[in-house]
Asker: 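Can you keep this structure in mind? I'll have questions shortly.
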Amino acid sequence: MSNLILDRSQYQAKINGQGIVMSEIEFEILWVLSGHSGRSITHKRLAQHLEEHDLDISAEDILTNLISLKEKIPQPRRLGLLGNRAMLI
């Protein structure tokens, strides 16, 4: 997403200049997905990344956070979910 700005030091995101309020886990998910833009990534890989950053979450709980994050992204939403994979488009 070319109109996405992420500030990891403050866990803040802006899309089209609009701030998005999100949890630390949602931010980290968005961080990983932005690094793989246009390619899908499994929920298991997202859970591994979060674990590497001392955020404990199961692969099963990833979907709940992805759905919450998708709802927070303004239209047009560019977060795709398919099965156990997610991607930014």
Side-chain angles (χ1 to χ4, degrees):
M1 237 187 288
S2 61
N3 54 353
L4 172 66
I5 299 171
L6 298 173
D7 181 349
R8 195 169 200 185
S9 66
Q10 297 183 32
Y11 292 102
Q12 293 181 345
K14 289 184 180 181
I15 298 174
N16 295 328
Q18 179 182 349
I20 308 294
V21 177
M22 64 185 76
S23 69
E24 185 177 0
I25 289 173
E26 291 169 338
F27 180 89
E28 284 297 330
I29 288 171
L30 188 57
W31 180 270
V32 173
L33 291 173
S34 69
H36 294 86
S37 188
R39 297 177 305 206
S40 66
I41 187 167
T42 65
H43 296 183
K44 182 178 178 180
R45 177 61 193 114
L46 287 169
Q48 288 170 343
H49 170 82
L50 294 170
E51 185 178 302
E52 290 167 7
H53 289 84
D54 297 325
L55 297 169
D56 189 28
I57 187 169
S58 69
E60 294 80 29
D61 290 334
I62 291 291
L63 181 58
T64 302
N65 283 275
L66 282 166
I67 291 169
S68 174
L69 181 59
K70 184 174 182 173
E71 292 173 358
K72 293 177 181 183
I73 295 174
Q75 297 286 352
R77 293 194 173 104
R78 301 187 192 274
L79 175 58
L81 305 176
L82 181 61
N84 71 339
R85 301 182 78 78
M87 70 184 290
L88 281 180
I89 47 177

Asker: Backbone N or O of W31 within a donor-acceptor pair of the S34 side chain at under 3.5 Å?
Answerer: yes
Asker: Side chains of R8 and F27, heavy atoms from C-beta outward: is any pair under 4.5 Å?
Answerer: yes
Asker: Yes or no on side chain to side chain contact (heavy atoms under 4.5 Å, CB included) for Y11 and M22, after CA distance, side-chain angles and deciding distance?
Answerer: CA-CA 8 Å; Y11 292 102; M22 64 185 76; over 6 Å; no
Asker: Nearest 0.5 Å please: distance from the CG atom of L4 over to the CD1 atom of I20.
Answerer: 9.0 Å
Asker: Around atom CG of D7, are there more than 12 heavy atoms of other residues, nucleotides or ligands at under 6.0 Å?
Answerer: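 For D7, atom CG is crowded (more than 12 foreign heavy atoms under 6.0 Å).
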Asker: Less than 4.0 angstrom from a charged side-chain N to a carboxylate O is my criterion; do E52 and R45 meet it?
Answerer: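 Salt bridge: yes.
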Asker: Starting at CD1 of I73, measure out to OG of S68 and round the result to the nearest 0.5 Å.
Answerer: 10.0 Å
Asker: If you take all heavy atoms of R85 and S40, which pair is closest and at what distance?
Answerer: NE-OG, 2.7 Å
Asker: CG of N84 to NZ of K44: how many Å apart, nearest 0.5 Å?
Answerer: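 Rounded to the nearest 0.5 Å, the CG-NZ separation comes out at 10.0 Å.
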Asker: If you look at every heavy atom in L79 and L66, which pair is closest and at what distance?
Answerer: CD2-O, 3.8 Å
Asker: Under a plain distance cut-off of 3.5 Å, with no hydrogens placed, do S58 and D61 share a side-chain donor-acceptor pair?
Answerer: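 Short answer, yes.
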Asker: Rounded to the nearest 0.5 Å, what separates atom CG in N65 from atom CD in E26?
Answerer: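 It comes to 5.5 Å.
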Asker: Find out whether I25 and I62 are in side-chain contact, i.e. whether some heavy atom of one side chain is under 4.5 Å from a heavy atom of the other.
Answerer: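 No, every pair of side-chain atoms sits at 4.5 Å or beyond.
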Asker: Does atom CD of E51 have more than 12 heavy-atom neighbours, drawn from other residues, nucleotides or ligands, at distances under 6.0 Å?
Answerer: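 Atom CD in E51 is not packed in, count stays at 12 or less.
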Asker: When rounded to the nearest 0.5 angstrom, what is the spacing between CG in L81 and CG in L63?
Answerer: 6.5 Å
Asker: So, taking the atom named CG in N3 and the one named CZ in R78, what distance separates them when rounded to the nearest 0.5 Å?
Answerer: 6.0 Å
